[in-house]
Amino acid sequence: MRAVRVTKAGGPEVLEVADVDVPAPGPGEVLVEVAAAGVNYIDTYQREGIYPMPTPYTPGLEGAGRVTALGEGVSGVAAGDRIAWAETLGSYAEQVAVPWDKAVPVPDAVPDDVAVGSLLQGMTAHFLVNDTFPLSGGETVLVHAAAGGVGLLLTQLAAAKGARVIATTSSAEKAELARGAGAAEVIDYTRVDDLAAAVRELTGGEGVHAAFDSVGATTFDASLATLRKRGMLVLFGAASGPVPPVDPQRLNSAGSVFLTRPKLFDFVDTTAALRAKAAAVYSEVAAGRLDVRIGHRYPLEQARTAHEDLQGRRTTGKVLLLPS
Ligand code: NDP
């Protein structure tokens with residue numbers, strides 16, 4: 001079968017397609033024919049070695065497809081069933097062996113591409129506004145990179161909960177998408193000199209209840225400076241690079257604010273929690289309350305271009321690799 005392989009850490013050029021053996025599903029695993037694999041920012045951190053990986057390996061943690069065979073001891077699923085997953089390395093491939101306890105069933109109403117487009121990024125958006133900084137309505141929040149994969153879903157979920165969303169994006173096209181997702185205000189953060197001042201102005205000087213920051217290095221200081229007293233900086237990614245060490249005294253000076261650096265899989269750390277979170281997202285999708293934008297589809301051979309486009313800020317919404 002064809003699969004993307006990485007033999008050494010590096011730039012997008014280290015992503016190459018090769019012929020490899022079809023994996024045999026081990027105990028507890030199911031073999032899946034991959035209909036669509038998700039491209040996520042974490043794939044680029046792993047490829048670059050920011051998160052060290054043993055080489056060679058097949059990248060990609062996320063996908064959806066049909067089960068073709070069951071490993072020993074697997075029950076509750078049958079060949080032909082549609083499933084999705086978000087924590088199985090080896091997903092940039094025609095087939096992958098997925099631990100059944102890390103998989104979620106996909107409802108009939110949710111097509112494969114949408115199932116991938118709303119799994120890792122949808123669950124992330126969902127845990128941020130329900131579990132990390134639960135929104136109940138009436139808050140003002142800042143969402144960076146609001147036209148991205150997580151960003152569009154986070155903006156929709158926050159707005160649906162009654163929060164006023166101030167979004168940041170880097171272009172007029174992206175601003176339009178963020179508005180369509182429910183952002184009340186959009187700032188082009190590549191064009192303002194003082195981002196924190198621009199956000200504060202939109203809040204009558206008060207600041208935001210929470211800043212959802214996945215950009216990291218270039219936005220962290222502004223995010224901190226936009227918070228109202230006792231607000232929360234939810235730093236959940238580092239698309240522009242990691243944030244340097246922070247002196248806790250800065251949280252005091254900023255108004256007794258909170259800083260958290262959450263990750264999804266500490267919030268969905270059991271099979272039951274994972275399936276409940278996926279089901280919550282999929283039910284929003286199936287009911288038409290959560291619009292999943294598949295921005296880009298690439299064949300497996302163009303994994304390199306997919307990574308270049310994602311890191312080059314040329315994508316919006318979800319980026320998929322299609323093995324066939
Ligand atoms: P996105 O589609 O959001 O792509 C990243 C976006 O970041 C770009 O489109 C760009 O939007 C913005 N950006 C700002 N500065 C830069 C820069 N210097 N280089 C590249 N991009 C930049 O990606 P994902 O939806 O896959 O992921 C979004 C973030 O969420 C990532 O940081 C990821 O690590 C994080 N994440 C965290 C999880 C967790 O559990 N903590 C789980 C899943 C994702 P613009 O052009 O508008 O600035």
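Counting from 1, the numbers follow the sequence of the chain as shown. Given the structure is predicted, the values throughout are model-derived calculations rather than measurements.
Taking both residues in full, the closest heavy atoms of Leu320 and Ala36 are given as CD1-CB, 4.3 Å, listed atom of the first, atom of the second, then distance. Across every non-hydrogen atom of Pro323 and Leu321, the tightest pair is CD-O, 3.5 Å. The minimum heavy-atom distance linking Val165 with Ala159 is given by the pair CG2-N, 4.0 Å. Residues Leu128 and Pro262 come closest through the heavy atom pair CD2-CG, 4.1 Å. Here the closest non-hydrogen pair linking Gly216 and Leu235 is CA-CD1, 4.0 Å. Nearest heavy atom pair, residue Leu89 against residue Val96, reads O-CG2, 4.2 Å.
Residues Leu119 and Val98 do not share a hydrophobic cluster, defined by chaining ILVMFWY side chains whose heavy atoms lie under 4.5 Å apart. Cluster membership check: Tyr41 shares its hydrophobic cluster with Tyr57, using side-chain heavy-atom separations under 4.5 Å among Ile, Leu, Val, Met, Phe, Trp and Tyr. Residues Val215 and Val129 do not share a hydrophobic cluster, defined by chaining ILVMFWY side chains whose heavy atoms lie under 4.5 Å apart. One hydrophobic cluster, built from ILVMFWY side chains closer than 4.5 Å, cannot hold both Leu152 and Val143; they sit in different ones. Both Val4 and Leu61 sit in one connected hydrophobic cluster of ILVMFWY residues. Membership requires side-chain heavy atoms under 4.5 Å apart, directly or through other members.
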Phe127/Val281 under side-chain contact (heavy atoms from CB on, under 4.5 Å): CA gap, chis, key distance, verdict: CA-CA 10 Å; Phe127 95 85; Val281 173; over 6 Å; no
Between His296 and Gln302, is a side-chain contact (heavy atoms from CB on, under 4.5 Å) present by the stated rule, with each step listed? CA-CA 11 Å; His296 310 262; Gln302 287 178 20; over 6 Å; no
Could you go through the side-chain contact (heavy atoms from CB on, under 4.5 Å) check for Leu274 and Met123 one step at a time? CA-CA 9 Å; Leu274 170 72; Met123 292 194 297; 3.8 Å; yes
Let's go through Arg2 and Asp19 carefully: what are the C-alpha distance in whole Å and the side-chain angles of both, what is the deciding distance for side-chain contact (heavy atoms from CB on, under 4.5 Å) to 0.1 Å, and is it a yes or a no? CA-CA 5 Å; Arg2 289 175 311 129; Asp19 274 319; 3.8 Å; yes
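Applying the salt bridge (Lys or Arg N to Asp or Glu O under 4.0 Å) criterion to Glu33, with sequence neighbours excluded, gives no partner residue. Taking Ala97 as the reference, Pro23, Glu29 meet the side-chain contact (heavy atoms from CB on, under 4.5 Å) condition, with sequence neighbours excluded.
For the side-chain hydrogen bond (donor to acceptor under 3.5 Å, both in side chains) test with Thr316, the passing option among Glu173, Arg293, Glu176 is Arg293; the others fail. Considering Glu139, Glu206, Glu185 as possible partners of Arg164, the one that fulfils the salt bridge (charged side-chain N to carboxylate O under 4.0 Å, His left out) test is Glu185. When each of Thr218, Thr226, Thr219 is paired with Asp213, the side-chain hydrogen bond (donor to acceptor under 3.5 Å, both in side chains) condition holds for Thr219 and for no other. Checking each of Lys161, Arg289, Lys277 against Glu284 for a salt bridge (charged side-chain N to carboxylate O under 4.0 Å, His left out) leaves exactly one that passes, namely Arg289.
Using a 4.5 Å heavy-atom threshold, the side chains of Tyr92 and Val39 count as touching. Side-chain contact between Phe220 and Val246 is present, with at least one heavy-atom pair separated by less than 4.5 Å. Residues Thr203 and Ile166 form a side-chain contact, since some pair of their non-hydrogen atoms from C-beta on lies under 4.5 Å apart. Side chains of Val285 and Val114 form a contact here, defined as non-hydrogen atoms less than 4.5 Å apart. Using a 4.5 Å heavy-atom cutoff, the side chains of Val6 and Met53 are not in contact. No side-chain heavy atom of Leu70 sits less than 4.5 Å from a side-chain heavy atom of Pro25. Counting only heavy atoms from C-beta outward, the side chains of Thr168 and Leu142 approach each other to under 4.5 Å. A heavy-atom distance below 4.5 Å is found between the side chains of Phe267 and Thr132.
With rounding to the nearest 0.5 angstrom, the CG atom of Leu310 is 12.5 Å from the OG1 atom of Thr305. A distance of 4.5 Å separates CG of Asn40 from CD of Glu62, quoted to the nearest 0.5 Å. Note: Ile50 CD1 to Thr44 OG1 = 6.5 Å, rounded to the nearest 0.5 Å. The OG1 atom of Thr271 sits 9.5 Å away from atom CH2 of Trp100, with the distance rounded to the nearest 0.5 Å. Here CE of Met232 is found 9.0 Å from CG of Leu259. Values are rounded to the nearest 0.5 Å. Rounded to the nearest 0.5 angstrom, Leu177 CG and Thr169 OG1 are separated by 8.5 Å.
Of the possible polar contacts, one joining the Lys174 side chain to the Arg313 backbone as a donor-acceptor pair under 3.5 Å is found. At distances below 3.5 Å, at least one donor-acceptor pair connects side-chain atoms of Arg200 with backbone N or O atoms of Leu227. With hydrogens and angles disregarded, no donor-acceptor distance shorter than 3.5 Å links the side chain of Arg228 to the backbone of Ala210. In terms of modelled atom types and a separation under 3.5 Å, the side chain of Ser214 and the main chain of Gly237 share no donor-acceptor contact. Remark: side-chain polar atoms of Arg82 are paired, donor with acceptor, to backbone N or O of Pro107 under 3.5 angstrom. Although no hydrogens or angles enter the test, the distance criterion places no donor-acceptor pair under 3.5 Å between the side chain of Arg5 and the main chain of Leu15. Within the 3.5 Å criterion, the main-chain N or O of Glu308 finds a donor-acceptor partner in the side chain of Arg314. Between the side chain of Arg66 and the main chain of Ala79, no donor-acceptor pair closer than 3.5 Å is present. Judged by distance alone, the side chain of His209 and the main-chain N or O of Val141 form no donor-acceptor pair under 3.5 Å. The closest donor-acceptor contact from the side chain of Glu301 to the backbone of Val17 lies at 3.5 Å or more, if one exists at all.
Ring geometry, Tyr189 versus His144: the interplanar angle falls under 30°, so the pair is classed parallel (tilted spans 30 to 60°).
A side-chain hydrogen bond (donor to acceptor under 3.5 Å, both in side chains) check over residues 248-265, counting only residues at least two apart or in different chains, returns the pairs Asp221-Arg250, Gln249-Asn252, Lys263-Asp266.
By the neighbour-count criterion of 12 heavy atoms within 6.0 Å, atom CD of Glu13 is densely surrounded, having more than that number from other residues, nucleotides or ligands.
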